[in-house]
2 protein chains.
Amino acid sequence: MDRHLARWRGKAPFDERVEAIVTRMQFLVKRFAQAKETALAELGIRDFEFETLHHLVARGDPWRATPSELAAELVVSPAGMTGRLDTLERNDLVRRIRGTQDRRRVDVELTDKGLAAWTSAMHLRAVAEKTIVGTLSPADQDTLSALLNQMLAHTESTL
Amino acid sequence: MDRHLARWRGKAPFDERVEAIVTRMQFLVKRFAQAKETALAELGIRDFEFETLHHLVARGDPWRATPSELAAELVVSPAGMTGRLDTLERNDLVRRIRGTQDRRRVDVELTDKGLAAWTSAMHLRAVAEKTIVGTLSPADQDTLSALLNQMLAHTESTL
DNA sequence: GACGAATAATTCGCTAGCGAAATACTATTC
DNA sequence: GAATAGTATTTCGCTAGCGAATTATTCGTC
């Protein structure tokens, strides 16, 4: 992948540094995704399933959220989230509960099976991620996290 | 998105720092993707089309590569790359040329139209990316790029 | 020259996700 | 109470990409 960047050195009609950052991040995120899918495959769970359960667990008991909240947090369209929830519900990992005060709303709740699946998967997935991030020292990890956060703060403010 | 991370503080059964890094990178890469699709939409070109043309241009005249080379550089499966090239060929952005010395191979070559499309799109896409990365100082950008590269070097060495 | 292993690209069947529209519902105004 | 605008979720039609298998070709061995 750095060969790609090397080809442009000195002659690219754009900011090479920005190009390098974006390209490396894209590449790494694909690697994270591949590592996680591989690690989770032995449990028969997909990473998008895990991520969704993860966000429900993060909310604490009673582990509920609306499809819109989940869609926003996971950067997925409403239609995409509906499809995800269809899959999770079909696998008995979540249940949909119609709102009583506002029937347009749906509460997505983690099932016992979903919580157990999350528990089993969480460690495997953490190992897969740490394998890559762990090459950095803790101090470097803090630096990286802060820089990413600075860019994130910007994207949040322009929405 | 940081609300998600805040929910775990102090009680997560995994390394919060690693989680923060991976989550932020995933979020940012999605934002990059959205910004680029939006910017390129006015030219009627998709980001995956641009990325593919970009890798061909990077090789210099005569702007050729095999499907396997492109698949590896862009982290796409062979089947996925075949589909991409189908789309690019249908839009007259590339042409496929059967190898003469090894007829299993195909040479993917940029067309004039493809080069023109890359030229038009390149600036728009660079602006979209810089909008986010540009919030960091040049020194911070170098730091970020180096840290990302350190992780990348590791993933390359474990393939 | 025949055969088997390996390689390159494509095909096949499938899926997660998208944008836009539709449906169901709520809130506000008259 | 009726009408309208807005919201939440789902439906619809489509697509980029995947894994596995297939097809065509090359290379090495006998």
Side-chain angles (χ1 to χ4, degrees), chain A residues 26-27 29-38 40-42 44-53 64-91 93-109, chain B residues 26-27 29-38 40-42 44-53 64-91 93-109:
Chain A
Q26 285 175 307
F27 204 97
V29 165
K30 284 195 177 187
R31 285 285 176 244
F32 284 136
Q34 287 173 339
K36 285 189 281 182
E37 284 292 341
T38 300
L40 294 174
E42 70 180 77
I45 189 172
R46 310 294 303 276
D47 190 53
F48 76 85
E49 293 178 294
F50 174 87
E51 289 295 340
T52 313
L53 302 180
R64 289 186 177 186
T66 66
S68 300
E69 287 168 337
L70 290 170
E73 288 174 19
L74 290 152
V75 196
V76 170
S77 73
M81 184 50 61
T82 294
R84 278 197 184 194
L85 296 178
D86 284 346
T87 300
L88 289 166
E89 202 173 27
R90 192 184 310 131
N91 294 336
L93 299 175
V94 303
R95 65 174 66 87
R96 277 174 165 116
I97 301 169
R98 193 122 173 265
T100 51
Q101 286 177 332
D102 186 340
R103 288 175 301 168
R104 288 171 297 179
R105 296 169 61 97
V106 163
D107 278 324
V108 180
E109 185 178 73
Chain B
Q26 285 175 308
F27 203 96
V29 165
K30 284 194 176 189
R31 285 284 177 248
F32 286 136
Q34 287 173 340
K36 285 188 283 182
E37 283 294 342
T38 300
L40 295 174
E42 68 181 77
I45 190 172
R46 309 296 304 276
D47 191 52
F48 75 85
E49 293 177 295
F50 173 88
E51 289 294 340
T52 314
L53 302 180
R64 287 186 179 188
T66 66
S68 300
E69 288 167 336
L70 290 171
E73 287 173 19
L74 290 153
V75 195
V76 170
S77 74
M81 183 52 62
T82 292
R84 277 196 185 195
L85 297 177
D86 283 347
T87 300
L88 289 166
E89 202 173 29
R90 191 184 310 130
N91 293 338
L93 299 174
V94 303
R95 64 175 67 87
R96 278 173 163 117
I97 302 169
R98 193 123 174 264
T100 50
Q101 286 178 330
D102 187 340
R103 288 175 302 167
R104 289 173 298 179
R105 296 168 59 98
V106 162
D107 278 325
V108 180
E109 184 178 75

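Between the P atom of dA24(D) and the CZ atom of R98(B) lies a distance of 10 Å, rounded to the nearest Å. D47(A) places its CG atom 15 Å from the C1' atom of dC18(D), with the value rounded to the nearest Å. Taking atom CZ on R95(B) and atom C1' on dA9(C), their separation rounds to 20 Å, with Å as the unit. Spacing between atom NZ of K30(A) and atom P of dA16(C) amounts to 18 Å, rounded to whole angstrom units. For the pair L88(B) CG and dT15(D) P, the computed distance is 15 Å after rounding to whole Å. We find that CG of L85(B) is positioned 7 Å from P of dT10(C), with the value rounded to whole Å. At whole-Å resolution of the value, CZ in F50(B) and P in dA16(D) are 18 Å apart. As a whole-Å value, the separation of E51(B) CD from dA16(D) P is 15 Å.
Considering only side-chain N and O atoms, R105(B) lies nowhere under 4.0 angstrom from the phosphate OP1 or OP2 of dT25(D). For the OP1/OP2 pair of dG17(D) and a distance below 4.0 Å, the side-chain nitrogens and oxygens of R84(B) include at least one atom meeting the criterion. Phosphate contact (OP1/OP2 of dT10(C), side-chain N/O of R96(B), threshold under 4.0 Å): present.
Nearer to the 5' terminus of DNA chain D, by closest-nucleotide assignment, is the contact made by P78(A) (compared with the other of S77(B) and P78(A)). Between Q101(A) and E69(B), the residue anchored closer to the 5' end of DNA chain C is E69(B), taking for each the nucleotide with the nearest heavy atom.
Put simply, the side chain of E89(B) gets close to the backbone of R96(B): a donor and an acceptor are under 3.5 Å apart. One N or O on the side chain of E37(B) and one on the backbone of D47(B) form a donor-acceptor pair closer than 3.5 Å.
In the set dA16(C), dT26(C), dA16(D), the nucleotide with an atom closest to the side chain of F48(B) is dA16(D). Nearest nucleotide to the S68(B) side chain, out of dA16(D), dA9(C), dA16(C): dA9(C). Checking dA9(C), dT26(D), dT9(D) against the side-chain heavy atoms of R103(B) singles out dT26(D) as nearest. Out of dA8(C), dC18(D), dT26(C), the shortest distance to the side chain of A79(B) is found at dC18(D).
With hydrogens and angles left out, the side chain of R104(A) and the base of dT9(D) share no donor-acceptor pair within 3.5 Å.
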Determine, stepwise, if the pair E51(A) / K36(A) fulfils salt bridge (charged side-chain N to carboxylate O under 4.0 Å, His left out). CA-CA 11 Å; E51(A) 289 295 340; K36(A) 285 189 281 182; 3.6 Å; yes
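Considering only heavy atoms from C-beta on, L70(B) stays 4.5 Å or farther from R84(B) through its side chain.
Residue-environment remark: CZ (R64(B)) exceeds the threshold of 12 foreign heavy atoms within 6.0 Å.
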